[in-house]
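Keep in mind that this is a model prediction, so the values were computed, not measured.
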Amino acid sequence: MKKETIIWSEGTRMAADLFQPDDLRDGEKRPAILLCHGWAGPKSHLSSTYAPYFCKGGFVCLTFDYRGWFESDARIASPDKQPPPDAEGFITVRGRPVREVVDPLDQNRDINNALDYLIGEPAVDPNRIGLWGSSFGGGHVLYVAGHDPRIKAVVSQVPGMGPAPDQNGFAAPAPQVQQLASAIARGEIQALPRPAEQPESLKGIGDFRTMWRFLPRVAAAHIRVPTLIIDQEQEEYGGRENSGLAAKNAIPPTTRVKYHVFPGSHYDIYEKNYRESGKLARDWFSEHLMPQS
């Protein structure tokens, strides 16, 4: 059963779909999976493919659109000084909705709020929570799993792993990135320009001010829960060494990790390899989240 719902993320409405198994009994608690899409990926895609498939396997599932994308509202940026609030605590401002910007740190706040929503569902067992993510969302779920003890199993396919850190675990912005970030902070530029190095195939704008701070490789070193990584042999966004292979190498050897590679390029994971990748993921979650008889 699918139900449209609303998640509040930092005061902004996010559109979401909640899936509950048809055989769910009153008072029963099930394991749950939060699905996180990639760069400009809509929840509508996940809600018509992976989520119902996982749900048929017995899981409560949640999909959502990040703030500023598709059916979700956007945060508001105002160039004006805020007036004092009225008697009811409200203000009226002239604002610009911030849409189609990929800010990984903002998106991780959205994921955290979606997790809070999911764990609050009466039918969810909070001790059996899984994360599924693809592409940029594949990097997100590794980043979250490296910080959040509520996560008990992870599936990450063709993950965007962010910049490679230095020997101290840090990255730094390029000088031109710092110049633009400073200009925005000083009000000299009102909106983010599209990065010149961003591939034409990627919709929207990548927020270069935060991309260098997004380090899933560093976070993955702290993952202690079973993790399935699904890769594509001809990954075009930086190659496997910047995708699934980077994730596999970042996770500690003491953590249970399965690494599977499909033939084809990045987007084949959603087309030629969709059914097989979905089955791998569902089997992984069943093994690690379902009670074993």
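- Applying the side-chain hydrogen bond (donor to acceptor under 3.5 Å, both in side chains) test to every pair with at least one member in residues 158-173, sequence neighbours left out, gives no pairs at all.
- For E188, the side chain to side chain donor-acceptor pair (under 3.5 Å) partners are R186, not counting sequence neighbours.
- Judged by distance alone, with hydrogens and angles left aside, the side-chain atoms of K152 form a donor-acceptor pair with the main-chain N or O of P149 at under 3.5 Å.
- You'll find the side chain of Y259 reaches within 4.5 Å of the side chain of R240, heavy atoms only.
- Checked against ring pair (Phe, Tyr, Trp, His ring centres under 6.0 Å), Y143 has the following partners two or more places apart in sequence or in another chain: H147, F214.
- Contacts of E241 classified as side chain to side chain contact (heavy atoms under 4.5 Å, CB included), with partners at least two apart in sequence or in another chain: none.
- Legend: residues meeting side chain to side chain donor-acceptor pair (under 3.5 Å) with N127, ordered by chain and number and at least two apart, are absent.
- Applying the side chain to side chain contact (heavy atoms under 4.5 Å, CB included) test to P199 and every residue at least two apart in sequence or in another chain returns S201, L202, Y237.
- Residues V177 and M211 have side chains not in contact (no heavy-atom distance under 4.5 Å, counting atoms from C-beta outward).
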Sequence neighbours left out, cut at 3.5 Å: what donor-acceptor pairs do the side chains of residues 115-122 make with other protein atoms?
| residue | atom | partner | partner atom | Å |
| --- | --- | --- | --- | --- |
| D116 | OD1 | R150 | NH1 | 2.7 |
| Y117 | OH | T5 | OG1 | 2.5 |
| E121 | OE1 | Q20 | NE2 | 3.4 |

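- Formation of a donor-acceptor pair under 3.5 Å by the T227 side chain with backbone atoms of V225 is found in this model.
- Among residues two or more places apart in sequence or in another chain, the side chain to side chain contact (heavy atoms under 4.5 Å, CB included) test is passed with D80 by S78, R94.
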Scan the side chains in residues 131-138 for donor-acceptor partners under 3.5 Å anywhere in the protein, sequence neighbours excluded, and list what turns up.
| residue | atom | partner | partner atom | Å |
| --- | --- | --- | --- | --- |
| S134 | OG | Q157 | NE2 | 3.0 |
| S134 | OG | Y270 | OH | 2.6 |
| S135 | OG | H266 | NE2 | 3.0 |

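- Hydrophobic clustering (ILVMFWY, side-chain heavy atoms < 4.5 Å, transitive): I223 and V218 are in distinct clusters.
- The main-chain N or O of G162 is found under 3.5 Å from a side-chain atom of R217 such that the two form a donor-acceptor pair.
- Legend: residues meeting side chain to side chain contact (heavy atoms under 4.5 Å, CB included) with P159, ordered by chain and number and at least two apart, are L142, S156, M161, S243, A247.
- In this structure T210 satisfies the side chain to side chain donor-acceptor pair (under 3.5 Å) test together with D103, sequence neighbours excluded.
- In this structure, K3 does not pair ionically with D17, as no charged nitrogen and carboxylate oxygen lie closer than 4.0 Å.
- Taking 4.5 Å as the limit, every side-chain heavy atom of I269 sits out of range of all side-chain heavy atoms of Y274.
- Of the possible donor and acceptor atoms, one in the side chain of E28 sits under 3.5 Å from a partner among the backbone N and O of R25.
- Partners of E233 under the side chain to side chain donor-acceptor pair (under 3.5 Å) rule, at least two apart in sequence or in another chain, do not exist in this structure.
- Taking the ring axis of F59 as reference, the NZ or CZ atom of R30 does not stay both within 45° of it and closer than 6.0 Å to the ring centre.
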